[in-house]
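Below is one structure; the comments refer to it alone.
Values in this document were obtained by computation on a predicted structure and should not be read as measured data.
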Amino acid sequence: MLEAVLADAPVVVHLQSGHGLDDVGLVKAGARRVIGVDYSSVAAGAAQRRARDVGLDCRYVVAEVPGVPVKDASADLVYTGKGALIWMRDIDAWARDVVRVARPGGHLFVYEAHPAVPLWTWDTDEPRIRPDRSYFAASHINDTFPGNGAQEWQWTLGQIVTAIAAAGLRLKVLEEYAEPFWRPQDDHRAAAWEGRLPNSYALLAQKPL
């Protein structure tokens, strides 16, 4: 989905960049440079050291999202995902920040856990729906590693797509996948991950010229 965008050597702004490992892949795949934004000074510092050690053109800024201190129309590609949108209290403000940062003709790429994932149990025999969760809830408390105890905001796929469209982006591709982007390190296997249910999605949108 990103091959054609990365072929043009884009300047990438990575919102909620975390440890920065995705940025290594983006540069190796063709990005000219990456500006990472994350609220954690520890994560941003570790990402900056890694980029410096391997000689990549990446710069990291410690800041909240939305409201990132990045110039208007400075990114050819705004990249985000893998557990980022669950921290957004206002999905519309996030989408407006994306549009502000993206250049005319620039793209937004999101790769995230599917909004239905909080519903799935981790039973190994059959996929089941948790009785204490709702797809339409505003938030839930994570009770699994690594986010155990954290409040996570929930956005339906409709809310996410509508926020992006309302902010002025044109949706180009939306794909849903059975494969989750994260699995626990103890090799636990859940029936919900075995091909019958959505566990992740990818979205590509573009800012009009």
Side-chain angles (χ1 to χ4, degrees), residues 1-6 8 10-18 22-23 26 31 34-39 61-120 133-142 147 150-177 180-181 197-209:
M1 191 184 297
L2 269 182
E3 290 86 352
V5 177
L6 291 171
D8 291 332
V11 173
V12 180
V13 171
H14 183 179
L15 302 181
Q16 296 161 275
S17 51
D22 284 358
D23 305 330
L26 288 167
V34 176
I35 301 167
V37 182
D38 198 273
Y39 78 96
V61 179
V62 179
E64 294 279 351
V65 179
V68 299
V70 176
K71 291 181 180 179
D72 295 359
S74 59
D76 302 301
L77 171 64
V78 179
Y79 177 94
T80 195
K82 294 184 178 178
L85 296 188
I86 58 174
W87 308 117
M88 292 295 99
R89 290 182 173 87
D90 188 336
I91 198 71
D92 296 305
W94 166 83
R96 290 192 296 269
D97 220 23
V98 168
V99 172
R100 179 185 64 78
V101 170
R103 291 175 177 152
H107 288 83
L108 164 69
F109 178 77
V110 177
Y111 176 55
E112 268 287 8
H114 196 282
V117 162
L119 303 181
W120 312 146
R133 298 272 176 89
S134 167
Y135 182 72
F136 300 102
S139 67
H140 68 271
I141 301 300
N142 189 314
Q151 182 180 18
E152 298 181 357
W153 300 94
Q154 293 182 208
W155 303 105
T156 68
L157 202 56
Q159 287 173 317
I160 294 166
V161 170
T162 298
I164 289 168
L169 296 175
R170 179 174 64 86
L171 183 66
K172 297 181 70 175
V173 183
L174 175 60
E175 296 180 346
E176 298 169 281
Y177 311 113
F181 75 80
L197 298 172
N199 282 285
S200 58
Y201 73 96
L203 178 154
L204 185 68
Q206 187 173 27
K207 183 176 178 177
L209 291 169

Mind listing the closest non-hydrogen atom pair of [X] and [Y] along with its distance?
X	Y	value
S139	Q151	OG-NE2, 3.0 Å
I160	P115	CD1-CG, 4.2 Å
A31	V12	CB-CG2, 3.8 Å
A84	Q16	O-NE2, 2.8 Å
S17	D23	CB-OD2, 4.1 Å
A95	A163	CB-O, 3.4 Å

Roughly how far, to the nearest 0.5 Å, is [atom2] of [Y] from [atom1] of [X]?
X	Y	atom1	atom2	value
L77	L26	CG	CG	7.0 Å
E176	H114	CD	NE2	4.0 Å
Q154	I86	CD	CD1	10.0 Å
I35	L15	CD1	CG	10.5 Å
L85	W94	CG	CH2	5.0 Å
L2	Y111	CG	OH	12.0 Å

Are any side-chain N or O atoms of [X] and backbone N or O atoms of [Y], one a donor and one an acceptor, separated by less than 3.5 Å?
X	Y	value
N142	A150	no
K207	G106	no
D90	D92	yes
W120	P198	yes
D76	V11	yes
Q206	G105	yes
E3	M1	yes

According to the interplanar angle, ranging from 0 to 90°, do the rings of Y79 and H14 count as parallel (below 30°), tilted (30 to 60°) or perpendicular (above 60°)?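 Perpendicular, since the angle between the ring planes exceeds 60°.
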
Does a sphere of radius 6.0 Å around OH in Y39 hold more than 12 heavy atoms from other residues, nucleotides or ligands, not counting ones at 6.0 Å or beyond?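 At most 12 heavy atoms, drawn from other residues, nucleotides or ligands, come within 6.0 Å of this atom.
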
Option from V65, T80, D97 for which side-chain contact (heavy atoms from CB on, under 4.5 Å) with M88 holds: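 It is V65; the other options fail the test.
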
Do [X] and [Y] touch side chain to side chain, with heavy atoms closer than 4.5 Å?
X	Y	value
P69	V61	yes
F109	V173	no
R100	V68	yes

Could you walk me through whether Y201 and V117 satisfy the side chain to side chain contact (heavy atoms under 4.5 Å, CB included) test, starting with their C-alpha distance in whole Å, then the side-chain angles of each, then the deciding distance to 0.1 Å, before giving a yes or no? CA-CA 11 Å; Y201 73 96; V117 162; over 6 Å; no

